[in-house]
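Quick notes on the structure that follows.
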Amino acid sequence: MTKDRTAVRSTALGYPRIGSNRELKRALEAHWSGRLDAEGLERAAAAVRAEMLDDLSVLDSVPTGVFSYYDHVLDTAFAVDAVAPRHRRDDALASYFAAARGDAEAAPLEMTKWFDTNYHYLVPEIGPSTAFAARPEKAVAEFLEARERGLDARPVLVGPVSFLLLAKPEDGAPEGFRPLDRIDDLVEVYAEILTALGRAGAGLVQLDEPALAADRSAEELAVVAAVYRRLVGVAEILVAGGYGPFGESLPVLLDAGVEGIALDLVRGRSDLDALEALNVSRETFVLAGVVDGRNIWRTDLSEAARLIERVQAVSDRVGVSSSSSLLHVPVDLSSETALAPELFARLSFARQKLAEITALADPDGSRESRPAAPDAWRDDAVRARLASLGADADRRTPFADRQAAQAERVPLPPLPTTTIGSFPQTAELRRARAAHRQGLMIDADYHARMKAEVADVIARQEKLGLDVLVHGEPERNDMVQYFAELLTGFATTAAGWVQSYGSRCVRPPILFGDVARPAPMTVPWTSYAQSLTAKPVKGMLTGPVTILAWSFVRDDQPLADTADQVALALRDEVADLEAAGTAIIQVDEPALRELLPVREAPRAAYREWSTRSFRLATSGVRPETSIHTHLCYSEFGVVIDAIAALDADVTSIEASRSKMEVVEDLGRAGYRSGVGPGVWDIHSPRVPGADEMAAALRLAVAALGTGRVWANPDCGLKTRRYEEVVPALEGLVEAARTVRAEAA
């Protein structure tokens, strides 16, 4: 990036890397299945990177190194050679995917949520003897790839402080060891990587430090200061946060002499107030992140321009950017021709956000305000109903009384076995849904096909010997989109794909207006499944917090108000399921941790409204009706109180990759309800044996007692094949029987 002292320059902190039509997803899955060799995979990846550079070429400065086969934190681990010994293979690509997905020889790295987003990152494992080494080849190659196109390229790396703060101690590390203890060794490896980039011709290098958007201790801030004093002598550095304000880290970074700072002025506007109060050198490059990188609403260009003017008042070197990487939004709005015009006019996907950035950087560019939401998006009946609810609308009878009533209604053995909800979505099922959506299959034929699948899933579960069954969800394209298509106030996209992890992509619905439920959504499917078996079949719903977290949500009212509207719609569905005779209703909240604010100060308010919305959805049932919930792939220790406040009768929870750590947390916190700690990591193709699952169940029983533990996988089985599902569930049932007998 040239040092123009006056011009406002345009850039973005990152970009979607799946391809506009999910080309990378298809190539990865073809490679994993053996249908595409490594050379073919790289050709597909090169085509995706070329498309990314074509899009980004409208900017003055282009971020490079933001492409990834699976995850940018995993890429960083490989860039500094922090690869766990169990994942090292003779072939580098095989080693990479062993860490990401596991293989026959080893379990993968733990996976958890990236701050308060629905993106999942792989957690590096660092120990006292981890032998860091510089592996700059990927960063250099992708930088040169952009330079060869004549672009002003800016390499991007996860910063060293965030990398270690996001890591976990390797197994066997001494008590009290923290990955951050290794910062002195790691920073020297970063210096080598920066030197290699400099030799390749790089000027400004972007180091992403999103962990600095969280509360940091005085000790951690001292580490930040030392790291950046060391690195500023090696390269010109732009430090980016992207997930809220830098807060107390901001003056530390500026005092360390970094060349530039990228501010999130969508969620971290307080940083601008702080910047105005600091004695900042006018030579400091300040990147104003005024275009929302995490939502799809059009930028109010007039408001953004006012923020940029405030930045210009403190610095002579100003840029305009996305607030975070655009990884979190779909690629292109132009294909969404079925959206209502009044909604389409208010939206902006990644390519459109690049146009907003360039307009704001151009003195003659547009400065239009965003149009107001139409009155038609408001539902006064919904608002009146919420206002009329009593103070006890989110309260049930005490858990002990419910537990006795539920045991009498549905007698179950100790360590009851179940699954989380979905069963494999086969190619035949996906083709049937596509044909029905396109009008090529009439309703009667479609429903007959889905009912046949439900009958098959019930028969499979009975043969396996599971205790509590599910209908398998063959009719559901996605656990949020399915409900969005049946509720008012939502719209869905045709191709609004966003990466969740690896090759897993989702199409978040757009929640634009007040929410209501016109008709029952799941009752017929659950009732049909229950008619096929004497065993209990769970009703399956997605909770209000997760529906919000996995949608693009309106920004014209508090999230708490929107959550209560969704909860009220679900409350009606829960009531209808109970009236139809459903004894167990599972309301999944895998995103409970996801929306937790990054900083501590606003967390209490979040815990209050998020758990209230769940209880509002579920508290209308009788004591003998059991409410289950499910949470997955998060650091649960920080939301233990919130999990208890949900007041569910049973909580199933991801636990296999973290080796049952959450069970110990629950035990220490005095959690009293039922718990289903996952004993099979369904996000890996690896099938654990019955002995391995039994060992995990023993850990859970030791912490919680036999009477409170359920046996289940980590998550739904939608993405797995029956060739994996059947032996894994056979092992799960065998493991439960073994541990049950040991405890008898």
Problem - Donor-acceptor contact below 3.5 Å, side chain Arg182 vs main chain Thr130 - result: yes
Handout entry: Modelled atom types, side-chain donor and acceptor of Arg686 and Ser684, under 3.5 Å
Key = no
Practice task
Please determine if Asp300 and Arg367 form a salt bridge, counting it only when a charged side-chain N lies under 4.0 Å from a carboxylate O.
Solution key: no
Exercise for the section: Kindly say whether Tyr121 contributes a backbone atom to a donor-acceptor pair with the side chain of Asp71 at under 3.5 angstrom? Expected result: no
Problem - Ionic contact status for Glu188 with Arg230, cut-off 4.0 Å - result: yes
Problem - Side chain proximity check, Leu93 to Tyr69, heavy atoms < 4.5 angstrom - result: yes
Exercise for the section: Step through it carefully: locate the ring centre of Phe78, locate the ring centre of Tyr96, and say whether they are under 6.0 Å apart. Expected result: yes
Handout entry: Aromatic ring proximity, centroids under 6.0 angstrom, Tyr501 and His683
Key = yes
Practice task
Taking the six-membered ring for Trp and the full ring for Phe, Tyr or His, determine whether the centres of Tyr243 and His328 are under 6.0 Å apart.
Solution key: yes
Problem - pair Phe246-Val252: side-chain heavy atoms closer than 4.5 Å - result: no
Handout entry: Trp114-His72 aromatic ring centre distance below 6.0 Å
Key = yes
Completion exercise
Per side-chain contact (heavy atoms from CB on, under 4.5 Å), Phe349 is matched among Leu326, Leu333, Val498 by Leu333
Problem - Polar side chain donor-acceptor pair, Arg504 to Gln499, under 3.5 angstrom - result: no
Completion exercise
d(Arg149 CZ, Leu53 CG) to nearest 0.5 Å is 5.0 Å
Handout entry: Modelled atom types, side-chain donor and acceptor of His120 and Thr112, under 3.5 Å
Key = no
Completion exercise
Here the gap from Ile510 atom CD1 to Arg346 atom CZ, rounded to the nearest 0.5 Å, amounts to 11.5 Å
Problem - Arg49 charged N/C atom sitting above Phe67 aromatic ring, 6.0 Å / 45° - result: yes
Handout entry: 4.5 Å side-chain heavy-atom contact, Asp152 and Arg9
Key = yes
Practice task
Using only heavy-atom distances, determine whether the side chains of Thr11 and Arg154 contain a donor-acceptor pair under 3.5 Å.
Solution key: yes
Handout entry: Residues Ser20 and Glu51: side-chain donor-acceptor under 3.5 angstrom
Key = yes
